[in-house]
Colleague: 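One structure follows; several queries about it will come next.
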Amino acid sequence: YYLRTPCASTLLLAMAASPPPSRFGPPLLPLLLLLVVGYFTVSASAAGELSQVVGRGTESDGPYFEPFNVSYDHRAVRIGGQRRMLVSAGVHYPRATPEMWPSIIAKCKEGGADVIETYVFWNGHEPAKGQYYFEDRFDLVRFVKLVAAEGLFFFLRIGPYACAEWNFGGFPVWLRDIPGIEFRTDNEPYKAEMETFVTKIVDMMKAEKLYSWQGGPIILQQIENEYGNIQSKYGQAGKRYMQWAAQMALGLDTGIPWVMCRQTDAPEQIVGDLTTL
């Protein structure tokens, strides 16, 4: 589902909205090949959830949009009440300098993107236990605000496990030195650290008023990452961990849907997969 493009790896995510076959006839094929892989259907308010408060390409403290609600009805993500297809571009903020971000975001928009998505890289943000770093290339808040200033939505993939050919899956090295820890399973030391970091990111987004209901761009967020591919390795402990991760995320009360990528047995309140055609 990924293809390298001038605006980093671009991803189109598919929701199960069953559009009419004619939508995918020959006229659309070149666009699919150009912009990348997949699609997802969402609903957008006709009454102007995209009416921006700030100007194009500027950085400010918002609000960036008129506040709007986002939900999931087991068929599509709903923004407002009417469905719309959105193209999502993957841009991993630490892989460029902050000076490059505006140009990259603008190019994604010019290429047809409606949403910017990124992993959140734990080892960059917490290089030592309890010592956080959100500056320079890891200034996540600034990156989200720049996306919002371009009038684009944001998909925040907290994980905190990341693929993306990133060292150690995004896990900080100090994590492995915690006594008794076992990653990505029903293990209390790991779950405690994971919950602390995920909560830190969510609280930061709330404080900066970056969720859709606050006038911000964030419409989706992700907990864990493609865990369904390895869950069986952990047996019942893996099942318990997946359910715990889902409930922990829901308990953070973010007001928008949580996604678990490639998780066919995700709890009912979680979007199990956005990448299935």
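This one's a predicted model, so the numbers in the text were calculated from it and none came from an experiment.
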Colleague: Would F154 and I219 count as a side chain to side chain contact (heavy atoms under 4.5 Å, CB included) if you check the C-alpha gap in whole Å, the side-chain angles of each, and the deciding distance to 0.1 Å?
Modeller: CA-CA 6 Å; F154 202 91; I219 62 170; over 6 Å; no
Colleague: When rounded to the nearest 0.5 angstrom, what is the spacing between NZ in K129 and CD in E193?
Modeller: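 K129 NZ to E193 CD: 3.0 Å, rounded to 0.5 Å.
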Colleague: Could you check whether atom CG of N69 has more than 12 heavy atoms from other residues, nucleotides or ligands sitting under 6.0 Å from it?
Modeller: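 No, because the 6.0 Å sphere around CG of N69 holds 12 heavy atoms or fewer from other groups.
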Colleague: Counting only heavy atoms from other residues, nucleotides and ligands, does the tally under 6.0 Å from CD of Q236 exceed 12?
Modeller: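 Not more than 12 within 6.0 Å, no.
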Colleague: Might you work through the side chain to side chain contact (heavy atoms under 4.5 Å, CB included) test for V120 and F197, ending with a clear yes or no?
Modeller: CA-CA 10 Å; V120 176; F197 180 72; 3.9 Å; yes
Colleague: If you group Ile, Leu, Val, Met, Phe, Trp and Tyr by side-chain heavy-atom gaps below 4.5 Å, do V141 and Y133 land in one group?
Modeller: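 Result: yes, single cluster for both.
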Colleague: Is the closest side-chain heavy-atom distance between L220 and R157 below 4.5 Å?
Modeller: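 L220 vs R157: side chains apart.
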Colleague: Any side-chain heavy-atom pair from M205 and T254 closer than 4.5 angstrom?
Modeller: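 Not touching, per the 4.5 Å side-chain cut-off.
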Colleague: Looking at V87, is its backbone amide N or carbonyl O close enough to the side chain of D114 to form a donor-acceptor pair, meaning the two atoms are under 3.5 Å apart?
Modeller: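 Checking the backbone N and O of V87 against the side chain of D114, a donor-acceptor pair under 3.5 Å is found.
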Colleague: Could you check whether the rings of Y227 and Y234 sit parallel, tilted or perpendicular, using 30° and 60° as the cut-offs?
Modeller: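 Judged by the thresholds at 30° and 60°, the geometry between Y227 and Y234 is parallel.
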Colleague: Mind running side-chain hydrogen bond (donor to acceptor under 3.5 Å, both in side chains) on E224 and Y241 for me, showing each step along the way?
Modeller: CA-CA 10 Å; E224 250 300 336; Y241 164 70; 2.6 Å; yes
Colleague: Could you tell me which non-hydrogen atom of V198 sits nearest to which non-hydrogen atom of P160, and how far apart they are?
Modeller: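 What the structure gives for the nearest pair is CG2-CD, 4.1 Å.
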Colleague: How long is the gap from OH on Y64 to CG on L152, to the nearest 0.5 Å?
Modeller: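 Going from OH on Y64 over to CG on L152, the span is 13.0 Å.
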Colleague: Which heavy-atom pair separates R184 from N225 by the least distance, and what is that distance?
Modeller: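 Looks like NH2-O, 3.0 Å.
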Colleague: Just checking Y132 against H125, ring centres under 6.0 Å apart?
Modeller: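 Not under 6.0 Å, so no.
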Colleague: State, with a plain yes or no, whether a side-chain heavy atom of T97 is found less than 4.5 Å away from one of M100.
Modeller: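 With C-beta onward as the side chain, the pair touches.
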Colleague: Apply side chain to side chain contact (heavy atoms under 4.5 Å, CB included) to Q222 and W258, showing your working.
Modeller: CA-CA 5 Å; Q222 182 175 309; W258 283 94; 5.7 Å; no
Colleague: Does a side-chain heavy-atom distance below 4.5 Å link Q269 with Y72?
Modeller: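 Heavy-atom side-chain distance check fails, nothing below 4.5 Å.
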Colleague: Just verifying a value: how many Å separate L156 CG and L140 CG, rounded to the nearest 0.5 Å?
Modeller: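 Separation between the atoms: 6.0 Å.
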Colleague: Work out which heavy atom in I201 is nearest to a heavy atom in I158; give both atom names and the distance.
Modeller: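 Distance-wise, the nearest heavy atoms are CG2-CD1, 3.9 Å.
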Colleague: Mind telling me whether F68 and F153 have parallel, tilted or perpendicular rings, with 30° and 60° as the class edges?
Modeller: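 Answer is tilted, since the angle falls between 30° and 60°.
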Colleague: Quick check for you: to the nearest 0.5 Å, what is the distance between I256 atom CD1 and S71 atom OG?
Modeller: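 Between atom CD1 of I256 and atom OG of S71 there are 11.5 Å.
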Colleague: Walk me through it: do N123 and E126 pass the test side-chain hydrogen bond (donor to acceptor under 3.5 Å, both in side chains)?
Modeller: CA-CA 5 Å; N123 54 6; E126 193 177 4; over 6 Å; no
Colleague: Does F121 reach the side chain of H92, with side-chain heavy atoms less than 4.5 Å apart?
Modeller: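 The answer is yes; the side chains approach within 4.5 Å.
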Colleague: Which heavy-atom pair separates M260 from A245 by the least distance, and what is that distance?
Modeller: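 Distance-wise, the nearest heavy atoms are CE-CB, 4.1 Å.
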Colleague: Determine whether the aromatic ring centres of residues Y119 and W166 are separated by less than 6.0 angstrom.
Modeller: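 For W166 and Y119, the ring centres are not under 6.0 Å apart.
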Colleague: Just do the side-chain hydrogen bond (donor to acceptor under 3.5 Å, both in side chains) check on K107 and S103 with the steps written out, would you?
Modeller: CA-CA 6 Å; K107 285 181 173 64; S103 174; 2.7 Å; yes
Colleague: Quick check: F171 with Y161 (ring centres under 6.0 Å apart)?
Modeller: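 Yes - the distance between ring centres of Y161 and F171 falls below the 6.0 Å cut-off.
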Colleague: Show me the pairs that pass side-chain hydrogen bond (donor to acceptor under 3.5 Å, both in side chains) and involve residues 203-215, at least two apart or across chains.
Modeller: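 Listed once each, the pairs are K145-E208, Y211-Q221.
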Colleague: One thing to verify: whether E188 and K191 come together as a salt bridge, which I'm taking to mean a side-chain N less than 4.0 angstrom from a carboxylate O.
Modeller: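 So K191 pairs with E188 through a salt bridge.
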Colleague: Are any side-chain N or O atoms of D136 and backbone N or O atoms of F138, one a donor and one an acceptor, separated by less than 3.5 Å?
Modeller: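 Looks like no, no N/O pair under 3.5 Å.
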Colleague: Can you name the one residue among I116, V91, D139, V147 that meets side-chain contact (heavy atoms from CB on, under 4.5 Å) with W101?
Modeller: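 Answer to the side-chain contact (heavy atoms from CB on, under 4.5 Å) test with W101 among I116, V91, D139, V147: D139.
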Colleague: Do E226 and Q263 pair up side chain to side chain, a donor and an acceptor below 3.5 Å, judged on atom types alone?
Modeller: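 Absent: no donor and acceptor within the cut-off.
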Colleague: Treating Ile, Leu, Val, Met, Phe, Trp and Tyr as nodes and any side-chain heavy-atom pair under 4.5 angstrom as an edge, say whether L252 and W244 lie in one connected cluster.
Modeller: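 Yes.
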Colleague: Please report the interatomic distance CH2(W122) to CE(M194), rounded to the nearest 0.5 Å.
Modeller: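 Answer rounded to 0.5 Å: 8.0 Å.
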Colleague: Please name the pair of heavy atoms, one in A266 and one in G272, separated by the smallest distance, quoted to 0.1 Å.
Modeller: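 Reported closest heavy-atom pair: CB-CA, 3.9 Å.
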Colleague: Can you name the residues that form a salt bridge (charged side-chain N to carboxylate O under 4.0 Å, His left out) with K239, not counting sequence neighbours?
Modeller: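 D265.
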Colleague: Determine whether C108 and E150 make a side-chain contact, defined as any pair of heavy atoms from C-beta on separated by less than 4.5 Å.
Modeller: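 No, their side chains stay 4.5 Å or more apart.
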Colleague: So which atom in G180 and which in N187 form the shortest heavy-atom distance, rounded to 0.1 Å?
Modeller: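 What the structure gives for the nearest pair is O-ND2, 2.9 Å.
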Colleague: Could you walk me through whether I270 and L250 pass the side chain to side chain contact (heavy atoms under 4.5 Å, CB included) check?
Modeller: CA-CA 8 Å; I270 301 286; L250 292 169; 4.0 Å; yes
Colleague: I need the I79 CD1 to F65 CZ distance, nearest 0.5 Å.
Modeller: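 Spacing of CD1 (I79) from CZ (F65) equals 9.5 Å.
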